[in-house]
Amino acid sequence: MSDPKHTLSEERVAYLDGLVRRAQVAAAVFTQYTQEDVDRIVKPMVLAGMEQAQYLARLAVEEGRLGLLEDKAIKNMVATEFVYNYVRDKRTVGVISEHPETGVSEVAEPIGVILSLLPVTNPTSTALFKCIMAVKTRNCMIFSAHPRTQKCSNEAARIMAETAVKHGAPEGFLSWVEAGTIADTNYLMSRPEVRLIDATGGPGVVKAAYSSGKPALGVGAGNPPVYLEKTADLDMAVVDIITSKTFDNGTICASEQTVVIDEVIYDQVLAKFTALGAHVCTPQEVALLSTTVIDPETGYMRAEAVGQRAVDIARFIGMEVPRGTKLLLAPIGGVGREHPLSAEKLFPVLAVLKARTGDEAIKLCLDVSHNGGLGHTAVIFSNDDAVIAKFGEVINAGRLIVNSPGSIGALGGVYNDMVPTFSFGCGTGGGNSTIDNVNIYHYLNVKRMARRTQAHMWFRVPNQIFFNKNAVQNLHEFPSHNTVIVSNPVLEQLGYVDVVRRHLGGKTHVHVLTIPDREPDQPTVLEGVKVLEAFEADQIVALGGGSVIDAAKIMKLKYESPEADLEELAAPFLDLRKRVVEYPSITGKKRRSRLIAIPTTSGTGTEVTPFAVMMGDGGRRKITLADYSLTPDAAVVDPQFVMGLPRAITADTGVDCLTHALEAAVSIFASHYTDSNALQAVVMAFRFLPQVYDDPGNEEARTGMHNAACIAGIAFSNASVGVNHALAHAFGARFGVPHGRANALMLPHVIAYNAAVPTKFMPSPNVRSYKAHKKYSWIADLLDLGGDTVEDKVANLIAAVEKLLDRVDMPRSIAELGISEEQFTEAMPDLVKAAFDDPSWRSNPRMPLLKELEKLFWQAYRGRGQEQQQTVAKPARSSRKRSG
Amino acid sequence: MKSQSTLIRVDGRTAAQSLTEARAALPEEAGADVVLDMSSVSRVDPAAVNALTELAAAAEARQQVATLRGVVVDVYRVLKLTGLAARFRFLH
């Protein structure tokens, strides 16, 4: 692009630079003004504009030689009084809105210097409108008026500027280019101090504004269609259309350009128009108009016709019309260049189309709108809401005016509650950056100040938990017609199913469903659902380990919501509150059943958790469903069901319990509510696990361990787990190692990892400091492990955990399981990927990097007892309190 | 700051005039240190901004860089927006 300076003389450049410099200084000074300062200036400006409305209207008509003085005076009043009514109590300085519940507030930042281009059709009203907007938003404006209406535009600006400065506005904040040319405007557009170009005018100036490389507000050409539908109030519609199309001799670009009339009312409507002063043109007259008021070369309206009266246009082109004719109606056969009058006509000539059906009518309106007026305005007269809705849906127009005049309706604030404006954005349809009625908010950079929020948390547990020996007797309190007991064959053989059956209510019909004791797959779940359906179960009692209880949870879900897609519900998520998938609501469900969970291991804690694990993807991977709707309605934690638990399973599930508790304690979702449970469970596990391992018949120890598992479940139900589980899931699935055992292999290494200074912190608004190491040291204190410093206590905890693992004969290393280094190396990429894909680590206090996951796997491979090469994070000196 | 600095106090109530007078009071000596105490200036108008612009030009002509002391945030912002901040040193 050539330098816009080179067509201007030095003096002219100096003059323009002076305008810019003064505006820049004034804009800077304006930033110091308060809301009160600004509002004190705006009101007198509005009053001055209103007082001079008629004077400015006269100037505009005399200079521009178009439009109607009386209507221009009204426009000046709307541009002042109505605009002021909208802006008067709006905050535009400092904090303009606050949302205490989100902690976000909006703060106004002025634009600075705005170059404002004014149109020939509404010169003074647009100038008045923009001056008020500029002051209200502490912006400065340089006006560049249309050459045909420079004097009246500049006079409007002068009146505003004088009044404003008199009431405290900074000198130089409003200025205008005297005897401006296109070269002047191009030069001003190029000045870096000009921050925004607000171009109200024809396509040429709008295009220049957008081509300048500056942010720009533009307006688009209009070619509004108006659909006169058969259910409309015809008398009102005809009056409104005439009012609109003749207002200021049709110069408002939102005025109706082509009326589409339903065939069934066509003749009636034309008669009404004629009775009120419209002339329906003959075909010959239409042909004459087509070649005179529209330039056949370009297809655009002729400038000489803009804003002229209907009688004057008729006389000028040699057409005879009745005296007092207000509007020329020109019936045409279609839309496009072959029908010239289907283009925009800013004068009182209205093209007319007849539509045989409603469908055809809307299509014709689409044709008109696409014929040079996309995004601007469209009008409909109808009393059929469905038609109005369809019209609004398909027509691309920023202003969809219903049952009111197009031009005055689009201005806003007169016939409706739209924001009043004299600049109509046309959106991308019209090549504009906005489709709005341009208003004060387009003259502001709205900044957002966001205060840290603390995510609200929860603590959710089953409605009822019955614990200690013979807690199963409480089952009789739950009324049920049909209960299905879900269990596994071993437990049935052991007689546990009969124990449960005995304690169900006397009138309850009972059916037993046994399933394999492994992670359930879809076929197993669906088989179970069939049983629930056949039996019309209103209660499910899940008696078993984690797999059985998880299976029962999923069966219940599918039974109550047959449409549920289990794989989809297992979709990953980062934040439970923002997850994409929605679990089915139980409200309104035909089938509802109560789920009571009775664990027979100590344990997964699944009797109180919202999680359920199953095999997905055709049995190739484990998937986790997580939702509080999965939490059982009641849990029965009765140690009689674990008295016979084999030692190996006792150890595996006991270590699982310990891992749950330790991970919940340091999770980023840990809270005072979950800490009490997590830490209690750790202490109980340390105490009771060795006892039950050595003496499986020890009832007190079994009770303690069984309760510990449930309490740990409560903790991690609400705080979640961490990277230990992510590693264990990946490793256990790949090599077929029981879950508890897999956890045991990782645990000491993970404690050391979490206690060390993180490479990456896990972002969480609820975490104000890194404290995993401190939590571990508190646990060491609770266990009375000794140690003077946090580092010592963490080391002591790790040693205690290792000792406990040895005590219950947990393998010390992965290598010990017979997995070769070669096998492990080959599996490593998949292990790391699976661990990173596992959502468990997302609540870990330390965010694991892939290479760190790999390192942890190798540490577990080589085994515990190896020297840790980590640096334990040191607590701040002043921190002596335990509660976090 | 050299011990021979010239200190000029700017009256916040008549900032433009005060700054014009300060410009006239600039020492002739090239490279001299000049400190303008702006602590009583809570707000500036275009005339004050113009006066500061002229003062900056006069100082630059004498190869001096004037230091502004005690400028409040709102005024500092005005200086940044007008490009004047780059022509002064600041003592905050």
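A note on names: the letters A, B, ... follow the listed sequences, proteins ahead of strands, and every chain is numbered from 1.
- By the 6.0 Å contact criterion, CZ on B:Arg87 is enclosed, its count of non-hydrogen atoms from other residues, nucleotides or ligands being greater than 12.
- For a residue to count as touching a neighbouring chain, one of its non-hydrogen atoms must lie under 4.5 Å from one of that chain's; by this rule B:Ser42 touches chain A with the backbone only.
- Counting heavy atoms of neighbouring residues, nucleotides and ligands inside a 6.0 Å radius, atom NZ of A:Lys151 does not exceed 12 of them.
- The interface of residues 16-23 of chain B with chain A, defined by heavy-atom distances below 4.5 Å, is empty.
- Within a 6.0 Å radius of CG in B:Leu7, more than 12 heavy atoms belonging to other residues, nucleotides or ligands are found.
- Residue A:Lys447 qualifies as enclosed at atom NZ: its count of foreign heavy atoms under 6.0 Å is above 12.
- In this structure, A:Arg452 places its CZ atom where more than 12 heavy-atom neighbours from other residues, nucleotides or ligands lie under 6.0 Å away.
- Looking at A:Arg21, only its side chain comes within 4.5 Å of chain B, counting heavy atoms on both sides.
- Atom CD of A:Glu106 sits in a crowded spot, with more than 12 heavy atoms from other residues, nucleotides or ligands closer than 6.0 Å.
- The only member of B:Asp45, B:Leu81, B:Thr82, B:Leu84 that meets side-chain contact (heavy atoms from CB on, under 4.5 Å) when paired with A:Val25 is B:Thr82.
- Contact annotation for residues 28-44 of chain A against chain B (heavy-atom separation below 4.5 Å, listed by residue number): A:Ala28, A:Val29, A:Thr31, A:Gln32, A:Tyr33, A:Asp37.
- Only the side chain of B:Arg77 comes within less than 4.5 Å of a heavy atom in chain A; its backbone stays farther off.
- When A:Glu109, A:Arg22, A:Glu193 are compared by the number of non-hydrogen pairs under 4.5 Å with chain B, A:Glu109 comes out ahead.
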